[in-house]
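In this text the structure is predicted, and so the values were computed from the model without any measurement. The first residue of the sequence shown is numbered 1, and numbering continues consecutively from there. Side-chain atoms are counted along with the backbone in the values below, which use heavy atoms only and exclude waters and symmetry mates. Order of listing sets the numbers, starting from 1, for every ligand and every atom in it.
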Amino acid sequence: MKAIIKDKPGPGLVLKDVNKAKKLGPREVLVKIRRASICGTDVHIFKWDEWSQSRINPPLIVGHEMAGEVVEVGDAVTQVKVGDFVSAETHIPCEHCVQCKTGRMHVCKNLEILGVDRSGVFTEYAVIPETVLWKFSPEIPLDFASVMEPFGNAIHTALVTDLTGKKVLITGAGPIGLMAIQVAKASGASLVISSEVDPLRIEMAKNNGADIVINPIEQDLVKSIYTISPDGVDVLLEMSGNKKALEDGLKCLTMGGIASLLGIFGGNIDLNLDSLVIMRGITIYGITGRKMFETWKIADELLKSKKVDLSKVVTHVLPFEQWEKGFELMLNKQCGKVVLNFD
Ligand code: NAD
Ligand code: ZN
């Protein structure tokens, strides 16, 4: 079978023929991949940045966002059957640490990530533990089903608090920020402001329903926010991984406001916590992944009911063979979400 692989340390990826798994473990499932989407993490691995060098052990099949069909199940599998359509939670919990045992599998101590710590999904058939499979509703188009995983990031980050009647600032309108705009709108936020620096994504933020979009390069974000809302915003969703966006975003929060942080900064950043957070009574949530599986249930419902429309986020569905074009689009940020079609 064909697979997109990091075959050796260094930049780039290759498309190669590899052997299909011969024997499944008792709780493993063989999934015929139908769609897979490219995530920023895959781009990090492609580039072979510092993080990938410290984390990835080639050869490795990359990719983790997927939707596909169950074609074979291990002896002890009970949760899915052949023919089921599934997406996958890509954080694989150990199921026996204290977090897993107490209903917090998303912060499992022994977490393994698909396509990072173990063989991924940019291939024709992937082996995935049954624990992480999500049978998505048949109303959800295949092209969007692989995007349920990053969509879950948007949901998990946005819904740390009730957004009804709240003013929300979302810094960064990459694919996840765009989806968060729609989640905030669907949740009854009274005002959704997006900040973004890239022209294409500024347009996409508007198209995804942001009431106001601010480009912090052209306009001072903090001044603009306090002009729009003299009390600041109630909630900050940080989805850029940019230090200045976080710092200004915190300044935009009303006293006692809430910050939910998803963006990855890739190293130390220095902030004046005394004045930005402590003396202003700000609550900060760190978000990793999705809650298993309450986030998935919400994702499913929002897509099934069409409260969120991912056609405004998925800009490209490419045949799998054009994966290089997909990575190029991602590298240049000339896209929303890029989905690879394996059919
Ligand atoms: P992305 O890189 O496509 O989007 C980030 C966006 O922020 C870009 O459009 C960029 O132009 C914009 N940006 C950069 N500087 C800005 C600034 N100063 N102000 C406003 N916008 C600015 O990433 P994505 O896939 O949408 O993911 C969002 C973030 O979440 C990334 O940092 C990613 O690494 C992180 N992430 C975290 C988790 C987690 O579990 N915590 C999971 C997935 C992704
Ligand atoms: Zn665990």
Side-chain angles (χ1 to χ4, degrees), residues 37-45 47 49 51 64-65 89-113 116 129 131-132 147 149-158 160 169-181 193-205 208 210 213-222 224-225 236-249 252 260-267 269 285-292 295 313 315 329-338:
S37 31
I38 306 178
C39 168
T41 303
D42 305 320
V43 178
H44 287 297
I45 299 173
K47 289 193 207 160
D49 64 4
W51 169 83
H64 55 274
E65 299 175 6
E89 167 51 57
T90 62
H91 289 181
I92 300 171
C94 73
E95 297 180 72
H96 55 72
C97 72
V98 69
Q99 281 76 9
C100 285
K101 285 291 182 201
T102 54
R104 295 171 295 156
M105 286 200 284
H106 66 293
V107 283
C108 166
K109 245 184 244 172
N110 308 306
L111 200 78
E112 280 193 359
I113 304 181
V116 171
T131 343
V132 295
V147 184
E149 195 260 24
F151 180 42
N153 289 133
I155 293 170
H156 187 186
T157 312
V160 294
L169 168 64
I170 303 171
T171 46
I176 303 180
L178 295 170
M179 294 188 273
I181 293 171
I193 304 169
S194 161
S195 79
E196 172 60 54
V197 295
D198 179 86
L200 173 70
R201 289 182 169 177
I202 287 175
E203 281 316 304
M204 291 185 77
N208 274 270
V213 184
I214 296 171
N215 180 347
I217 294 175
E218 290 174 357
Q219 264 175 289
D220 184 284
L221 181 67
V222 183
S224 307
I225 292 287
L236 165 68
L237 309 179
E238 202 315 289
M239 305 199 151
S240 73
N242 178 281
K243 184 220 161 189
K244 175 87 172 125
L246 170 61
E247 188 171 13
D248 285 353
C252 293
S260 186
L261 313 186
L262 180 85
I264 302 285
F265 296 91
I269 54 171
Y285 291 89
I287 305 297
T288 177
R290 299 135 300 273
K291 286 192 180 165
M292 293 169 225
T295 306
V313 178
T315 50
L329 286 162
M330 289 287 290
L331 282 162
N332 301 322
K333 295 197 191 283
Q334 283 314 297
C335 55
K337 203 73 202 168
V338 177

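Between the side chain of Ser260 and the backbone N or O of Thr157, at least one donor-acceptor pair lies under 3.5 Å. Arg201 places a side-chain N or O within donor-acceptor distance of the main-chain N or O of Cys335, the cut-off being under 3.5 Å. Side-chain atoms of Glu238 come within 3.5 Å of backbone atoms of Gly241 as a donor-acceptor pair (strictly under, hydrogens ignored). Remark: side-chain polar atoms of Glu196 are paired, donor with acceptor, to backbone N or O of Ala173 under 3.5 angstrom. Judged purely by atom type and a 3.5 angstrom limit, Lys337 has no side-chain atom pairing as donor or acceptor with the backbone of Thr315.
Within 4.0 Å of ligand 1, protein heavy atoms come from Asn153, Gly172, Ala173, Gly174, Pro175, Ile176, Ser195, Glu196, Val197, Asp198, Arg201, Pro216, Met239, Ser240, Gly241, Asn242, Ala245, Leu262, Gly263, Ile264, Ile287, Thr288, Gly289, Lys333.
Between the CD atom of Glu247 and the CD1 atom of Ile269 there is a distance of 8.5 Å, given to the nearest 0.5 Å.
Contact annotation: Cys100 places an N, O or S atom under 2.8 Å from the Zn ion (ligand 2).
Between Cys94 atom SG and Cys108 atom SG, the angle centred on the Zn ion (ligand 2) amounts to 100° (nearest 10°).
Only one option out of Arg290, Met179, His156 pairs with Phe151 in a side chain to side chain contact (heavy atoms under 4.5 Å, CB included); it is Met179.
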